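A, B, ... follow the sequence lines: proteins, then strands. Residue 1 opens every chain. Small disclaimer: the values here were computed from a predicted structure and weren't measured.
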Protein chains: 2
Amino acid sequence: MVTRKEVAELAKVSEATVSRVFNGLGPMKPATKERVLEAAKVLGYHPNAIAQSFARRRSGNLGVVLPYMPKVHLFSAYYFAEILSGIGEQVREQGYDMLLSLLTPDDDLDYGRLYRSQKVDACVILGARDTESQRSSLLQLQEQGLPFCLVNQRFEGLSFLEVDADHVEGSYQAVRHLLDEGYRKIAFLNGSPHYTNSLDRRHGYQKAMLEAGLTMDPALLFEGNYSRTSGYEIAAKVWEIRDQVEAVFAANDRMAIGLMQGLRERGWIAGRDYAVIGCDDSDAAKLSDPPLSSIKVPFFEMGKGAARAVLASVGQGSSEVQLQVKLPTELKIRQSSKWIRQE
Amino acid sequence: MVTRKEVAELAKVSEATVSRVFNGLGPMKPATKERVLEAAKVLGYHPNAIAQSFARRRSGNLGVVLPYMPKVHLFSAYYFAEILSGIGEQVREQGYDMLLSLLTPDDDLDYGRLYRSQKVDACVILGARDTESQRSSLLQLQEQGLPFCLVNQRFEGLSFLEVDADHVEGSYQAVRHLLDEGYRKIAFLNGSPHYTNSLDRRHGYQKAMLEAGLTMDPALLFEGNYSRTSGYEIAAKVWEIRDQVEAVFAANDRMAIGLMQGLRERGWIAGRDYAVIGCDDSDAAKLSDPPLSSIKVPFFEMGKGAARAVLASVGQGSSEVQLQVKLPTELKIRQSSKWIRQE
DNA sequence: TTGTAAGCGTTATCAA
DNA sequence: TTGATAACGCTTACAA
């Protein structure tokens, strides 16, 4: 490997000068700079990033922490790809790299590993859940002054850096839309309450229902685990009380699609016999039959925002970064919810 | 940050001894080890990974190179999630970390950046295409002795480390299945020939057709770009020659689903009026209506295998690693191809 | 405007 | 079985 030293020799300057050229520091005679650049080019010199990190005491890496996911549930692959792209874009703009870390459930308490080893300067944490162990791990990180940002998950009572979407408003809009279309008996298929996501969606549902003068009928509340299969299974339960159901709002697309499949087997077709709206506006929403109305969540922007926020907090102790951010969602109407039920 | 020095002082040993304990090197009096470990624990010492990399002249990072993908075509998000998980599993087993790098098309020639900066010891390259510029970039890497492994893409005539699936055999099986079901007029919807993937699938199709005594009718060959939309658009063309088509073999699920959507709008339903088989066995195959028969590709294992192969080649110059690997695929039959066309 | 030199926290070699 | 010590390639005062 070509080192700075060789460049310095060839250019007949000191090593420090080579560094200055490559870091664009200090005033500098153009001719000198010229000579250094020329020498570097001739020799094929490229600064050693590891050595730079070592000297700067910063890795130049942003950690991205994901739940280890042979079986992804909450997150569609789509979600994941979008967020990663968003983080990737921001990171690249700031000259950082992304270090991916897949955590198994056992690693819960080990959020700190990447930091302690100093392989990353900050982290974006995806797929966190509100459990005791995660709360305490995160608190510990915070106490140690290790910067991180959560995406799509909040922790009430704690003040972490969090980038989320406005799921309450999104769900409210979705249910409002169903109400506007004339549906009254609206069931809600939610996911685990360990995700603030689920809680928010429930709030939105509740708000719209109450506002319309309707009560929250417990019989119309179902809980799946965000998988297609769970939606499929719940179709059986919905079918049992089909005379009380005109529409379903599901907390993600996969469950919505599973539900549609299950009900179709019983002869109930979405967009004809009942309406459905999902959440995420994933690829699957466009692929399903009928196409699924869904709440579009700006995953890309959330990833990008999280990366920006947490990297900003690296630069300057704790700066003017807004702690909690909520990005707007958008309702995408497709056939699954378009037509009023035919009596 | 706690350093080795402080641990050494507390444990009353030299710094070298602390290193030995943490690296499990050399013979060592248990009592000494005990003392060092105790001291480290008391102080909360963790080796600085950057300093280690610096001293070892190895980063401990495996680079994963992805095409930058606001608009993914060839690869479903599913594909990425699976491969990344596979790489992640292997990497973790070997104590490596994954450094993700999203390359924009302009970066084509810049495969070397990560290496030159020495931030990674090896790379797994996803989503490569067989173009002149990529060929030369990769050749350059090879000449510089920088280890990399390609996934799901081969370069004929060059000997790179490559992990692929047996797409020829997979496609052959799929078309055989259609033939066995009694279909004769089988169209083929392929993707860009820049991917060996596409070429392989075409070979498999051809092999099965010829073997059955059928000719390759150019009128039955269509080319999309692996997107759902392209499949949807091609439905119009297929529709025009519908009397010559009984079944379609599509080179990925997304195009297959787009095609099904397009034909459905014209009253043609897959699994009733014609048969379809896709490739990848992505989530979408299970979500589509009717569920789509598809060729399952072992993406997870491919990722894992690629990581293992390329990391092996890091350890030991160039070792006994098998250069080209092809993993088997598996045909998943679902409703879209189950029934013989009703005359 | 440029050079000198002191770190940075390890690994690894050589002696003891 | 352990200790000294020279790298490693850079950043960054401080000096000139």
So, for A:A307 and A:L62, which heavy atoms are closest and what is the spacing to 0.1 Å?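 Heavy atoms only, the tightest pair is CB-CD2, 3.9 Å.
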State, to 0.1 Å, how close A:E162 and A:F155 come at their nearest heavy-atom pair, and which atoms those are.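 In terms of heavy atoms, the two residues are closest at OE2-N, 2.9 Å.
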Please pick, from [options], the nucleotide with the shortest atom-to-atom distance to any side-chain atom of [X].
| X | options | result |
| --- | --- | --- |
| B:A51 | D:dC10, C:dT2, C:dG9 | C:dG9 |
| A:S19 | C:dT4, D:dG3, D:dC10 | D:dC10 |
| A:R20 | D:dA13, D:dT1, D:dG9 | D:dA13 |
| A:Y45 | D:dC10, D:dT2, C:dT4 | D:dC10 |
| A:E15 | C:dT1, C:dG3, D:dC10 | D:dC10 |

Separation of D:dG9 P from B:Q52 CD (nearest whole Å):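 Result: 17 Å.
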Within this structure, what is the CZ-to-P distance between A:R58 and C:dG9, rounded to whole angstrom?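 Interatomic distance, CZ of A:R58 to P of C:dG9: 15 Å.
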Can you tell me if B:Q324 has over 12 outside heavy atoms packed within less than 6.0 Å of its CD?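 Atom CD in B:Q324 is packed in, count exceeds 12.
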Could you check whether A:F54 and the base of C:dC8 form a stacked pair, meaning centres closer than 5.5 Å and planes differing by less than 30°?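 Stacked: centres under 5.5 Å apart, planes under 30°.
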Check every strand shown and say whether A:F22 touches a base, only sugar-phosphate, or nothing at a heavy-atom separation below 4.0 Å.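 Contact class for A:F22: none.
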Under 4.0 Å, counting only non-hydrogen atoms across every strand here, what does A:S53 touch: a base, just sugar-phosphate, or nothing?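 No contact.
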Do A:K119 and B:Q52 come within less than 4.5 Å of each other through their side chains, counting heavy atoms only?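 Counting from C-beta outward, A:K119 and B:Q52 never come under 4.5 Å.
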Looking only at side-chain N and O atoms, does B:T17 come under 4.0 Å of OP1 or OP2 in D:dT2?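 The answer is no; no side-chain N or O of B:T17 sits under 4.0 Å from OP1 or OP2.
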Measuring to OP1 and OP2 of C:dT10, would you say a side-chain N or O of B:T3 lies under 4.0 angstrom away?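 No, B:T3 has no side-chain N/O under 4.0 Å of OP1/OP2 on C:dT10.
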No-H, no-angle donor-acceptor pair, A:R57 side chain to C:dG7 base, under 3.5 Å: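 Answer no: no donor N or O sits under 3.5 Å from an acceptor.
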Judged by each residue's nearest nucleotide on DNA chain D, which is more toward the 5′ side, B:M28 or B:A55?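 On the 5' side of the pair lies B:M28.
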Taking B:D97 for its side chain and B:N61 for its backbone only, find out whether a donor-acceptor pair lies under 3.5 Å.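 No.
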